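Following: one structure in structure tokens, then a few remarks.
Proteins come first, then strands; the chains are lettered A, B, ... in the order of their sequence lines, and each starts at number 1. Just so it is clear, the model here is predicted, and its values are computed rather than measured.
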Amino acid sequence: MKPALTLNHADILPGIIQPLLTWYKGQASDRQLPWRLSPTPYHTWLSEIMLQQTRAAAVIPYYERFLAALPDIAALAAADDEMLMKLWQGLGYYSRARNLKKAAQVIVAEHGGRLPQEHKALLALPGIGRYTASAIGSIAWGKPWPAVDGNVLRVIMRVLACSEDIMAARTRTAVEKALAPHYPTGSDASALNQAFMDLGATVCLPHGTPHCPACPLQQLCLAHDNGQEQKYPVKAAAKPRRQEDRTILLLHQGSAYALHQRPAKGLLAGLWEFPNLPGRLSQQDIEAWLQCHGYRASQIKPLPAARHIFSHVEWHLSGWDIQLQADCLQTAECPASLRWASAAEISNTYSIPSAFTYYLPYIK
DNA sequence: TATGCGTGGCC
DNA sequence: TGGCCAAGCAT
């Protein structure tokens, strides 16, 4: 195990606090974000969970719709699972939604229905890690806790011209430790954490050229001194994605289409999908599969290929539209896990992940 | 510590 | 087009 990391030039950090706060309180807080309108603990919590690895622009409509359906923690704790996943459909990282409900139940059962204000108690809730606990604490109650996310790491690594790998846990720990002694309390704690976010999102950009002339830290940024903003942050290369072929089946009798619920654990856990098989199946393969399951098709048509990229897997999709003969379902050995749904039910009730939406236009 | 876990935007 | 990236967490 490597020893704890000490950041070089950390003496620069106390000097970045005031410029950031001044910048945030000025024109910087122009960003109209709905969770900033009424930053109750619940609103802050929900927004921070949705914002994990997700851009603010993508979150906004989900946030509005979620709060309209589940306006408080009690409602969330009692939410119907199917509705919960439907509210999250398309946002990704679906365990966030499940953990949100689990945490709400703990909050109701053990904390009197209110989010706990201690860092440790927040951390104990499912889905809340160090970043999120600190973000909630600072924004909701003015706790002096640095919320170190990708934005903060990028800004700090550039200001310090530091080449440590930001994917390494000890780098984040070192940044937290270096910032914590200088953190203000009250509304400035909230403002400072959000200032880092805004600076990272609008000025100290991760790709392309950062907008250094607009940066309140330009004068004291060591990377900028050397014209080397692009060199930072240093980040370990990601592992190449696993490549998989899958064949999607639009299996239907008239307008009733087969849906299958994915396993409770793993990729897209518990969400609904069109039946699909590993590999790139030919029409002969499809016919054999149908016969094996007792289905009789009246028509089999190929559908266009598609590709879907997850963070760690890449699916190369092919598809078939399979019209079953009338009364076929009475005699077929339908897998018990299949549901038969109309286009309206598919769009209104079932949570279908984006990986399958390429084939939705072929549903009639 | 390394890996699994989504999606869409940007260059 | 392909690769990188975003307000991370759980195990």
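Residue order along DNA chain B, read from the 5' end via each residue's closest nucleotide, puts Ala169(A) first among Ala169(A) and Ile352(A). Comparing Gly200(A) and Leu123(A) by the nucleotide of DNA chain C that holds the closest heavy atom to each, the one mapping nearer the 5' end is Gly200(A).
Arg170(A) comes within 4.0 angstrom of no nucleic acid atom, judged by non-hydrogen atoms across all strands. In this structure, Leu91(A) reaches the bases: a heavy-atom distance under 4.0 Å links it to at least one base atom across the strands shown. In this structure, Arg242(A) reaches neither bases nor backbone, as no heavy-atom distance under 4.0 Å exists between it and the strands shown. Residue Phe196(A) is out of contact with every strand shown, counting any heavy-atom pair closer than 4.0 Å. As judged by a 4.0 angstrom heavy-atom cut-off over every strand, Ser47(A) is placed among residues making no nucleic acid contact. Residue Thr54(A) is in base contact, counting any heavy-atom pair closer than 4.0 Å across all strands shown. Here Ala168(A) lies out of heavy-atom contact (under 4.0 Å) with every strand. Counting any heavy atom pair closer than 4.0 Å across all strands shown, Ile309(A) reaches a base atom. Trp88(A) comes within 4.0 angstrom of no nucleic acid atom, judged by non-hydrogen atoms across all strands.
At dC5(B), none of the side-chain N or O atoms of Lys265(A) fall inside 4.0 Å of OP1 or OP2 (strictly under the cut-off). In terms of phosphate contacts, His308(A) brings a side-chain nitrogen or oxygen within less than 4.0 Å of OP1 or OP2 of dT7(B). Contact between the side-chain N/O atoms of Thr132(A) and the OP1/OP2 oxygens of dC9(C) is found at a separation under 4.0 Å. Phosphate contact (OP1/OP2 of dC4(C), side-chain N/O of His207(A), threshold under 4.0 Å): absent. Under 4.0 angstrom from either OP1 or OP2 of dA6(C) there lies at least one side-chain N or O belonging to Lys235(A). Taking side-chain N and O atoms only, Arg307(A) has a distance below 4.0 Å to OP1 or OP2 of dG2(C).
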- Just do the side chain to side chain contact (heavy atoms under 4.5 Å, CB included) check on Leu271(A) and Phe356(A) with the steps written out, would you? CA-CA 11 Å; Leu271(A) 275 70; Phe356(A) 296 92; over 6 Å; no
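Look at CZ on Arg130(A): it is 12 Å from P on dA10(C), rounded to the nearest Å. Atom P of nucleotide dC4(C) and atom CG of Leu205(A) are separated by 18 Å, given to the nearest angstrom. To the nearest angstrom, P of dT11(C) lies 14 Å from CZ of Arg98(A). Note: OH (Tyr93(A)) to P (dA6(C)) measures 12 Å, nearest angstrom. The separation between Phe310(A) atom CZ and dC5(C) atom P is 21 Å, rounded to whole Å. When rounded to the nearest whole Å, the span between CZ of Arg55(A) and C1' of dG8(C) equals 15 Å. The separation between Tyr131(A) atom OH and dA6(C) atom P is 13 Å, rounded to whole Å. Residue Glu314(A) contributes atom CD, which lies 15 Å from atom P of dC5(B) at whole-angstrom precision.
Open room surrounds CD on Gln291(A); 12 or fewer heavy atoms of other groups in view lie less than 6.0 Å from it.
Looking at the side chain of Asn99(A), the nearest of the listed nucleotides dG8(B), dA10(C), dG6(B) is dA10(C). Checking dG4(B), dG8(B), dG8(C) against the side-chain heavy atoms of Ser354(A) singles out dG8(B) as nearest. Looking at the side chain of Tyr94(A), the nearest of the listed nucleotides dG6(B), dC5(C), dG8(C) is dG6(B). Distances from the side chain of Ala355(A) to the nucleotides dG6(B), dG4(B), dT7(B) place dT7(B) closest. With dT7(B), dC9(C), dA6(C) as the choices, the nucleotide that has an atom nearest any side-chain atom of Arg154(A) turns out to be dA6(C).
Asp321(A) and His252(A) are linked by a side-chain donor-acceptor pair at a separation below 3.5 angstrom, with hydrogens and angles left out of the test.
Taking the six-membered ring for Trp and thresholds of 30 and 60 degrees, His293(A) and Trp289(A) have ring planes inclined between 30 and 60 degrees apart.
Judged purely by atom type and a 3.5 angstrom limit, Thr349(A) has no side-chain atom pairing as donor or acceptor with the backbone of Ile346(A).
Screening Thr44(A), Asp188(A), Thr185(A), Asn193(A) for a side chain to side chain donor-acceptor pair (under 3.5 Å) with Ser138(A), the sole residue that qualifies is Asn193(A).
Ring centroid separation for the pair Trp145(A) and Tyr183(A) does not come in under the 6.0 Å cut-off.
Put simply, the side chain of Ser311(A) and the base of dG4(B) share no donor and acceptor less than 3.5 Å apart.
Using atom P as the reference point in both dC9(C) and dG8(B), the two lie 22 Å apart (nearest Å).
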